[in-house]
Asker: 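Okay, here's the structure, questions in a sec.
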Number of protein chains: 2
Amino acid sequence: MPRRVDHGERRAEIAKALVRAAGRLGLHAVGMRDVAAEAGVSLRLVQYYFESKEKLLLFGLQQLAVRFGERVSARIAAAGPDPGPREVIEALLTAALPVDAESRTFHHLYTSYAVLSVTDEALAAQPFIKDPDAAEATVTALLRRAADAGLLFPGTDPAAAAAGLLAMSAGLGTGVLVGQRSAESAAAVLAYHLDRVFRPAAGP
Amino acid sequence: MPRRVDHGERRAEIAKALVRAAGRLGLHAVGMRDVAAEAGVSLRLVQYYFESKEKLLLFGLQQLAVRFGERVSARIAAAGPDPGPREVIEALLTAALPVDAESRTFHHLYTSYAVLSVTDEALAAQPFIKDPDAAEATVTALLRRAADAGLLFPGTDPAAAAAGLLAMSAGLGTGVLVGQRSAESAAAVLAYHLDRVFRPAAGP
DNA sequence: ATTTTCGTGATACGAACGTACCACGTAGAT
DNA sequence: ATCTACGTGGTACGTTCGTATCACGAAAAT
């Protein structure tokens with residue numbers, strides 16, 4: 001029944017199948033046939049909507065970045081109405097931790113892509129490398145404003161603190177991913193270090 | 001000239017060729033034939049000394065871990081005779097940063113193996129996952145002793161600080177690897193955070 | 001001196017991969 | 001009503017991969 005079909009939606013569906021299959025098998029092991037089977041379509045269709053595997057991989061990565069961004073926003077929104085800078089930053093940092101299946105897949109595939117980008121220039125040129133820069137700029141700005149409001153311990157360098165915290169979050173996420181530590185302990189470590197940046201809230 | 005040959009040495013040579021080839025092509029893309037060519041031997045010999053690719057990969061990983069351990073020791077030794085805890089910890093943390101070709105390869109392949117271990121149980125069972133735990137125990141012990149000696153800011157939690165610093169070092173290393181930041185700025189971030197743990201040395 | 005074992009080369013095999021090709025039915029255009 | 005373009009299936013092709021097989025020369029053992 002070849003009715004007219006929404007290409008964008010179809011591509012998104014297939015890309016989601018790619019992400020699911022890659023989360024299960026590992027990005028290195030997933031093939032066009034796996035994606036087709038996961039999406040419930042024929043191999044030909046995957047070829048039809050993405051001309052090559054490389055295009056599929058690139059699109060899947062973009063899709064992943066978008067979905068991750070949405071997750072972070074949701075996390076921040078869930079921190080409550082009008083959250084303070086500490087809450088926003090903590091939500092941002094813990095969003096990267098693999099606490100459930102979805103975030104595990106995020107971290108797993110993101111790291112896979114990062115590794116691939118070391119030897120694949122098409123991936124390295126992709127703007128997903130830029131995402132951490134944006135996150136760092138955001139956290140730095142939040143910290144700077146918090147410092148101006150007197151919420152931080154004196155002598156805090158917003159840029160250095162932001163870079164360190166984000167790197168720590170990424171590193172802890174990997175530790176959780178490979179089973180080295182639990183998600184709870186990773187969150188606790190993050191909270192400890194935030195306590196070393198933000199001064200205790202003044203009593204009412 | 002089939003004289004008797006030292007199997008151990010031969011395996012080490014081939015494993016080093018694996019590491020070189022994987023550093024160039026990416027671990028996902030390296031095949032038995034690439035390793036053979038890199039080592040300057042025939043494909044048959046790689047098969048002969050390692051029965052399967054999986055065995056080769058496992059051995060290459062162990063080799064990598066050993067070489068990395070040696071590198072860390074050398075870094076600490078280079079910190080001077082009778083170095084203080086801060087110097088030892090800083091050497092330990094910066095050893096993971098990809099500052100030159102060799103450490104780039106270390107970080108690249110270590111991360112590759114970590115990603116593979118998520119979906120490969122044979123790799124996950126490998127003790128290289130345990131290395132970060134050992135490093136964390138070492139840094140924690142160093143920090144605890146430093147705290148007892150009054151070298152740290154009061155209120156420092158050695159375990160949480162050690163976990164955070166190591167995760168930060170790993171995360172910064174990945175950032176350097178993918179070209180997000182320079183090795184110098186990573187080292188600076190690390191130094192900044194160490195300054196938030198170690199009190200300034202008292203004057204003479 | 002003969003036999004056995006070891007190191008090595010060349011090559012072949014079956015599987016899996018990404019891609020290309022061919023066929024066909026249906027929906028919209030004319 | 002005819003034609004054209006789109007969506008889809010099936011399948012074949014060429015390559016590459018890990019692995020297995022065959023052959024052979026030289027050292028060691030007997």
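Just so it is clear, the values below take in all heavy atoms, side chains as well, and ignore hydrogens, waters and symmetry mates. A, B, ... follow the sequence lines: proteins, then strands. Residue 1 opens every chain.
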Asker: Where the side chain of A:Ser52 is defined as all heavy atoms beyond and including C-beta, which of D:dT8, C:dT19, C:dC6 is the nearest nucleotide?
Answerer: C:dT19
Asker: Expressed in angstrom and rounded to an integer, what is the separation of B:Leu45 atom CG from D:dG18 atom P?
Answerer: 16 Å
Asker: Side chain of A:Met32, heavy atoms from C-beta onward: which of C:dT19, D:dG9, D:dC6 has the nearest atom to it?
Answerer: C:dT19
Asker: From CD of B:Glu9 over to P of C:dG7, roughly how many Å is that when rounded to an integer?
Answerer: 14 Å
Asker: OP1 or OP2 of C:dT8 less than 4.0 angstrom from a side-chain nitrogen or oxygen of B:Tyr48, does that happen here?
Answerer: no
Asker: Take B:Val30 and A:His7, find for each the nucleotide of DNA chain D with the closest heavy atom, and name the residue whose nucleotide sits nearer the 5' end.
Answerer: A:His7
Asker: Does the side chain of A:Ser112 come under 3.5 Å of the side chain of A:His28 through a donor N or O and an acceptor N or O?
Answerer: no
Asker: Who passes ring pair (Phe, Tyr, Trp, His ring centres under 6.0 Å) against B:Phe59, sequence neighbours left out?
Answerer: B:Phe50
Asker: The side chain of A:Tyr49 is closest to which nucleotide in this list: C:dC6, D:dT8, D:dT19?
Answerer: D:dT8
Asker: Can you check whether B:Met32 reaches B:Leu56 side chain to side chain, under 4.5 Å on heavy atoms?
Answerer: yes
Asker: B:Glu51 has an atom CD; how far is it from atom P of D:dT19, in whole Å?
Answerer: 10 Å
Asker: Roughly how many Å is it from CG in A:Asp34 to P in C:dA16, rounded to a whole number?
Answerer: 11 Å
Asker: Base, sugar-phosphate or nothing for A:Phe50? Non-hydrogen atoms, less than 4.0 Å.
Answerer: nothing
Asker: Taking atom CZ as the centre, does B:Arg145 end up with more than 12 heavy-atom neighbours from other residues, nucleotides or ligands that are less than 6.0 angstrom away?
Answerer: no
Asker: Quickly work out the B:Leu27 CG to D:dC17 C1' distance and round it to whole Å.
Answerer: 15 Å
Asker: For nucleotides 10-14 of chain D, tabulate all protein N/O to nucleotide N/O atom pairs closer than 3.5 Å, reporting atom names and distance.
Answerer:
none

Asker: Please state how far atom NE2 in B:His28 lies from atom P in C:dA16, giving the value in whole angstrom units.
Answerer: 21 Å
Asker: Take atom CG of B:Asp6 and atom C1' of C:dC6, then tell me their distance rounded to the nearest Å.
Answerer: 14 Å
Asker: Parallel, tilted or perpendicular, judged at 30° and 60°: which one describes the rings of B:Phe68 and B:Phe106?
Answerer: perpendicular
Asker: Would you say the rings of B:Phe198 and B:Phe153 are close, in the sense that their centroids are separated by under 6.0 Å?
Answerer: no
Asker: Between A:Asp100 and A:Arg71, is the salt bridge (Lys or Arg N to Asp or Glu O under 4.0 Å) condition met? List the steps.
Answerer: CA-CA 12 Å; A:Asp100 54 20; A:Arg71 188 184 171 90; 3.3 Å; yes
